[in-house]
2 protein chains.
Amino acid sequence: MDKPPAPSRRITIVDVAQHARVSTTAVSKVLRNAYGVSPTMQAKVRQAIAELGYRPSAAARGMRGQTYTIGVMLPDIRNPFFAEILDGLNDHLADTDYQVLLGPGCNGEEAEAKVTHAMIDRSMDGMILIAPVSSRAHLEHVARTVPTVVVGRHGRSATYDTVADDDFAGAGLVVDHLADLGHRRIAHIEHHETDPDRLAEMPNAIRADGYQHAMRARGLAGEIDIASTSYTQEGGYLGAQQLLARPVRPTAIFAGADIVAMGALDAIAEAGLRVPEDISVAAYDNTTFAAFRPISLTSVDQAGHQIGRNAARLLLDRIADRQRPATQIKLSPTLVTRRTTAPPPA
Amino acid sequence: MDKPPAPSRRITIVDVAQHARVSTTAVSKVLRNAYGVSPTMQAKVRQAIAELGYRPSAAARGMRGQTYTIGVMLPDIRNPFFAEILDGLNDHLADTDYQVLLGPGCNGEEAEAKVTHAMIDRSMDGMILIAPVSSRAHLEHVARTVPTVVVGRHGRSATYDTVADDDFAGAGLVVDHLADLGHRRIAHIEHHETDPDRLAEMPNAIRADGYQHAMRARGLAGEIDIASTSYTQEGGYLGAQQLLARPVRPTAIFAGADIVAMGALDAIAEAGLRVPEDISVAAYDNTTFAAFRPISLTSVDQAGHQIGRNAARLLLDRIADRQRPATQIKLSPTLVTRRTTAPPPA
């Protein structure tokens, strides 16, 4: 290896490449954890980075304009599902020099515009937008400015990649499970939606659609009953309160997300009812909360970790090649049955 | 009001001030939601901002170098207590043009260095570091570079402000409550710590210290029993497993944080024990999880929301005046008793 350059100037990727006697492309591949880098190459480049004290996040500003920061916008920091996605993201990014910065978008177009503008202004190398509610036009504006992956939201765009699970099928798994247990009065708590684009693309809208479709397929069209609130703990609480106040109350509630089930279970406990003896509850996301034994919540597993890994991989690929065609990844959900679902009361 | 300047150049704070016929200081005060701004002044400046289409986050790069972004580093996105602090932060920032970006520090010095460097490189106007584990030297380095508020960690520094609760007193509240119920074998699950600086400053260490002090004060020195894991759900799970395997098991567990209690309750359920009939559990943070009725967890309320508001206020003050003396705010905790604590089994 060559001797380190004089310390007075900033170390660049070119110095690292020369020092390791490899190409700058190889260094770049190691930095973004790309496919097809041999362990030997990894070791050589890592050693050169260590010996030179190369700090990509600062140094790269002078080289290709990269900042090695990735902006992740998420709707709600309280929803434990997003932590699963972040774990998957971070797993893929762990061996790279990328740093993730999060911006809560708070489920509103104005807040999302503020977050995405801040991330663009702060020169993020790429953005991952989790279940954004913004217009297609805004998402494409962001994606034309910065490489972007949209997570959770369906719909094809030529400018950004998407990773989503099959929410329609997932909702069907819940209805089938509850109907198989003997339930007929299966209600759903959805995240309220009226915008036509979002009705076609948002996971919450597609789950609500999948619920209705599955109910009809099971001959339960007359039992369709939706409480329209939000994918928050409070939304679940208020939604369940509405459903429990029906003249004939449902024997099962399909909450659109685990955090919604948390609120629903709260309202059910407050009403003095038992789960699953008086009422069954199933949800979506299979977070750590669902696996928590004192609750033990039946929930659809949409593999949040895998969603996060896929999103990180697509984003790094796109940062490396902004011209490649947009990719859509759709994952198949599975149902994890636990103690909150049982046959209806006799 | 004057007519808007020609649209070809970037709108600045000076344009807003001229348009509203107020001083630039007044505009700056409105932008950072400072004390002592009259509603009339607010309205005038807001109107000028709207009429000119002024966008501080982008425009300010040319003015005083401000970016209107605040970096918040937090140890763990899964811990619901940090969402309380963020709610308080965002409440204070809601009427300003500041945007918060979060960086998970993952409870490690190396990860924290990466996050803080990324935030400095991205030109954040200020940083809020929640329960950082980094050395005092690193914290002061950050604070000399960017206005900084440290939350949760005790210890006085001339370069940064701090907001913390009285963790020593809070731990005492738990021990007193359990001892008053008749418990003697009160065990504690702590976040493991060996570094001398952190033993003196970190909230987890001070809670463990407060626990031991209160046990001695109640004549229970011989009953002191600590499982040393981490402030995570898994830490609570493993800690409770250790404690339940003791030859004589404790009748009460004081978990150092609500998320720790979540893991402890999981292990207790797995062991087939009932809470509070077989064993009482109390925790710290009084998050939404503690208030969740199916659990109804006794927990110390350290007013996370108020901590967040105070941190935001101190930070904006310091951004406005970097020379003002460092401020330490310490809040007094209270205990919220719920259903997980009861007298020990006979």
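Since the model is a prediction, treat every value here as computed from it, not as a measurement. Below, chains carry the letters A, B, ... as their sequence lines are ordered, and counting in each starts from 1.
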Name the atoms and distances for all side-chain donor-acceptor pairs under 3.5 Å in residues 233-240 of chain B, with sequence neighbours left out.
| unit_1 | atom_1 | unit_2 | atom_2 | d |
| --- | --- | --- | --- | --- |
| Tyr237(B) | OH | Gln241(B) | NE2 | 3.3 |
| Tyr237(B) | OH | Glu270(B) | OE1 | 2.5 |
| Tyr237(B) | OH | Glu270(B) | OE2 | 3.1 |

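- Using cut-offs of 30° and 60° on the angle between ring planes, the pair Tyr98(B) and Tyr68(B) is tilted.
- The choice from Pro294(B), Ala291(B), Ser296(B) that makes the most heavy-atom pairs within less than 4.5 Å of chain A is Pro294(B).
- In this structure, chain A has no heavy atom under 4.5 Å from any part of Ile268(B).
- In this structure, the portions of Val115(B) lying under 4.5 Å from any heavy atom of chain A include both its backbone and its side chain.
- Residue Asp76(B) does not touch chain A at all, counting heavy-atom pairs closer than 4.5 Å.
- Residue contact with chain A, scored on non-hydrogen atoms closer than 4.5 Å, involves the backbone and the side chain of Thr288(B) alike.
- In this structure, the ring of Phe292(B) has its center less than 6.0 angstrom from the ring center of Phe289(A).
- Contacts of Phe82(B) classified as ring-ring contact (aromatic ring centres under 6.0 Å, His included), with partners at least two apart in sequence or in another chain: none.
- With a threshold of 4.5 angstrom between heavy atoms, Met73(B) does not approach chain A through any atom at all.
- With Arg122(A) contributing its side chain and Arg122(B) its backbone, the two residues share a donor-acceptor pair below 3.5 Å.
- In this structure, Leu101(A) and Ile70(A) have side chains that are not in contact, with every pair of non-hydrogen atoms separated by 4.5 Å or more.
- Across Ile295(B), Thr287(B), Leu265(B), the residue that shares the most heavy-atom pairs under 4.5 angstrom with chain A is Leu265(B).
- Taking chain A as the reference chain and counting heavy-atom pairs below 4.5 Å, the highest number among Met124(B), Met262(B), Arg78(B) is found for Arg78(B).
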